[in-house]
Amino acid sequence: MNITIRRGVKTDLPQVYRLIQELAEYERAPQEVTNTLADMEADGFGENPVFEFFVAEAEEKVVGICLYYMAYSTWKGKMLFLEDLIVTEAYRRYGLGKQLFDAFARRALELGAKRLKWQVLEWNEPAIAFYKKLNCNLDAEWINCNMNEQEIAAYVENL
């Protein structure tokens, strides 16, 4: 199988968006995807890009992505946050996830990041097994905190 791992470009976004929707289906939350292709174009390729990504390409199709962004730790400094690592189902078990993660780790070194950070759902055993093979730290101590768009608006309205 001929696979190319490369930096993502704007024209990849429609295929990237399809992979994001596929992930949402897998995670049993397709209704939670409110991001749009237009948002991704503006956010990734506008005046102030807020994310970057790598793609795994096979047969001129994007079959995997690794989407990440720079974050900051007050204790450690610059870090890269891995938002999503997705390989379409038909291309799993060929090492594409590892190749995408390797590109992500190399990018972290290029950018001088002091830490890589990401999340995995507690029920996603295949992903957990994958990350264990990478010898990463699985930290059950931290609790994720979030507010959605409506909750942010309600909070600010009540300030």
Side-chain angles (χ1 to χ4, degrees), residues 3-10 12-30 32-37 39-46 48-58 61-148:
I3 301 293
T4 302
I5 305 295
R6 62 172 174 77
R7 292 282 298 273
V9 295
K10 188 176 182 177
D12 292 324
L13 286 177
Q15 294 179 77
V16 166
Y17 193 74
R18 278 193 290 282
L19 285 173
I20 292 166
Q21 291 172 319
E22 182 180 325
L23 175 65
E25 291 283 339
Y26 176 76
E27 292 184 353
R28 299 179 266 241
E32 295 298 322
V33 178
T34 59
N35 202 12
T36 67
L37 189 52
D39 289 337
M40 291 189 75
E41 287 178 6
D43 295 341
F45 296 93
N48 296 304
V50 295
F51 70 87
E52 295 180 352
F53 60 100
F54 288 100
V55 298
E57 190 174 51
K61 295 187 307 190
V62 173
V63 297
I65 66 165
C66 176
L67 190 142
Y68 58 92
Y69 56 90
M70 183 66 72
Y72 196 80
S73 165
T74 56
W75 287 17
K76 303 293 182 188
K78 290 192 293 187
M79 67 178 177
L80 283 189
F81 190 92
L82 173 59
E83 180 63 24
D84 281 317
L85 178 63
I86 308 167
V87 175
T88 195
E89 190 170 358
Y91 285 85
R92 292 183 191 149
R93 306 276 184 239
Y94 293 106
L96 276 66
K98 171 105 170 44
Q99 290 177 55
L100 286 163
F101 191 90
D102 293 350
F104 169 62
R106 283 192 293 274
R107 183 67 174 141
L109 283 180
E110 287 172 11
L111 295 172
K114 308 292 188 214
R115 175 189 285 173
L116 298 178
K117 195 166 182 93
W118 65 94
Q119 300 166 309
V120 61
L121 290 168
E122 65 184 349
W123 57 262
N124 192 341
E125 290 300 325
I128 292 168
F130 171 75
Y131 294 129
K132 283 181 177 177
K133 285 182 189 175
L134 300 178
N135 294 319
C136 72
N137 299 313
L138 297 174
D139 184 350
E141 183 178 0
W142 290 88
I143 296 173
N144 292 310
C145 302
N146 299 286
M147 283 185 173
N148 66 31

Subject >> Partner residues of D39 under the side-chain hydrogen bond (donor to acceptor under 3.5 Å, both in side chains) criterion, sequence neighbours left out >> reply: T36
**OP:** Provide the closest heavy-atom pair for L19 versus G64 in the form atom of the first, atom of the second, distance.
**Re:** CD1-N, 3.7 Å
Would you be so kind as to tabulate the donor-acceptor pairs closer than 3.5 Å made by side chains of residues 79-90, with sequence neighbours excluded?
| residue | atom | partner | partner atom | Å |
| --- | --- | --- | --- | --- |
| T88 | OG1 | E22 | OE1 | 2.8 |
| T88 | OG1 | E22 | OE2 | 3.1 |

Original post:
Which distance, rounded to the nearest 0.5 Å, do you find between the CG of N148 and the OG1 of T34?
Top reply: 8.5 Å
**OP:** For the pair Q15 and V55, evaluate side chain to side chain contact (heavy atoms under 4.5 Å, CB included) and give the outcome as yes or no after the intermediate values.
**Re:** CA-CA 10 Å; Q15 294 179 77; V55 298; over 6 Å; no
Original post:
Under the side-chain hydrogen bond (donor to acceptor under 3.5 Å, both in side chains) test, which residues partner T4, sequence neighbours left out?
Top reply: none
Subject >> For the student: nearest non-hydrogen atoms of G44 and P49, plus distance >> reply: O-CB, 3.3 Å
Subject >> Full working for side chain to side chain contact (heavy atoms under 4.5 Å, CB included) between L23 and V33 >> reply: CA-CA 10 Å; L23 175 65; V33 178; over 6 Å; no
**OP:** Output the distance between atom CG (L111) and atom NZ (K78), rounded to the nearest 0.5 Å.
**Re:** 6.5 Å
Original post:
Looking at side-chain heavy atoms only, is the closest gap between S73 and K114 below 4.5 Å?
Top reply: no
Original post:
Which value, rounded to the nearest 0.5 Å, describes the distance between L37 atom CG and K10 atom NZ?
Top reply: 9.5 Å
Subject >> Distance (rounded to the nearest 0.5 Å) between F51 CZ and F45 CZ >> reply: 6.0 Å
Subject >> Nearest atoms (heavy-atom pairs only) where L100 meets A56 >> reply: CD2-N, 3.8 Å
Subject >> Non-hydrogen atoms of F104 and C66 that approach each other most closely >> reply: CB-SG, 3.6 Å
For residues 120-138, which side-chain donor-acceptor pairs fall under 3.5 Å, sequence neighbours excluded?
| residue | atom | partner | partner atom | Å |
| --- | --- | --- | --- | --- |
| N124 | OD1 | Y26 | OH | 3.4 |
| N124 | OD1 | A127 | N | 3.2 |

Original post:
Where the side chain of K76 meets the backbone of R115, is there a donor-acceptor pair that is under 3.5 Å apart?
Top reply: no
**OP:** For R6, check side-chain hydrogen bond (donor to acceptor under 3.5 Å, both in side chains) against everything at least two apart and list the hits.
**Re:** D12, E57
Subject >> I65 side, atom CD1; R18 side, atom CZ - distance, nearest 0.5 Å >> reply: 12.0 Å
**OP:** Check I3 against A58 and note the closest heavy-atom contact, atom names and distance.
**Re:** CD1-CB, 3.4 Å
**OP:** For residues V16 and F53, report the shortest heavy-atom separation together with the two atoms involved.
**Re:** CG2-CE1, 3.8 Å
Original post:
If we only count heavy atoms from C-beta on, is the L116 to F101 side-chain gap below 4.5 Å?
Top reply: yes
Original post:
What is the distance from atom CG of L13 to atom CE of M40, rounded to the nearest 0.5 Å?
Top reply: 5.5 Å
Subject >> R7: partners by side chain to side chain contact (heavy atoms under 4.5 Å, CB included), with sequence neighbours left out >> reply: E52, F54, Y68, R107
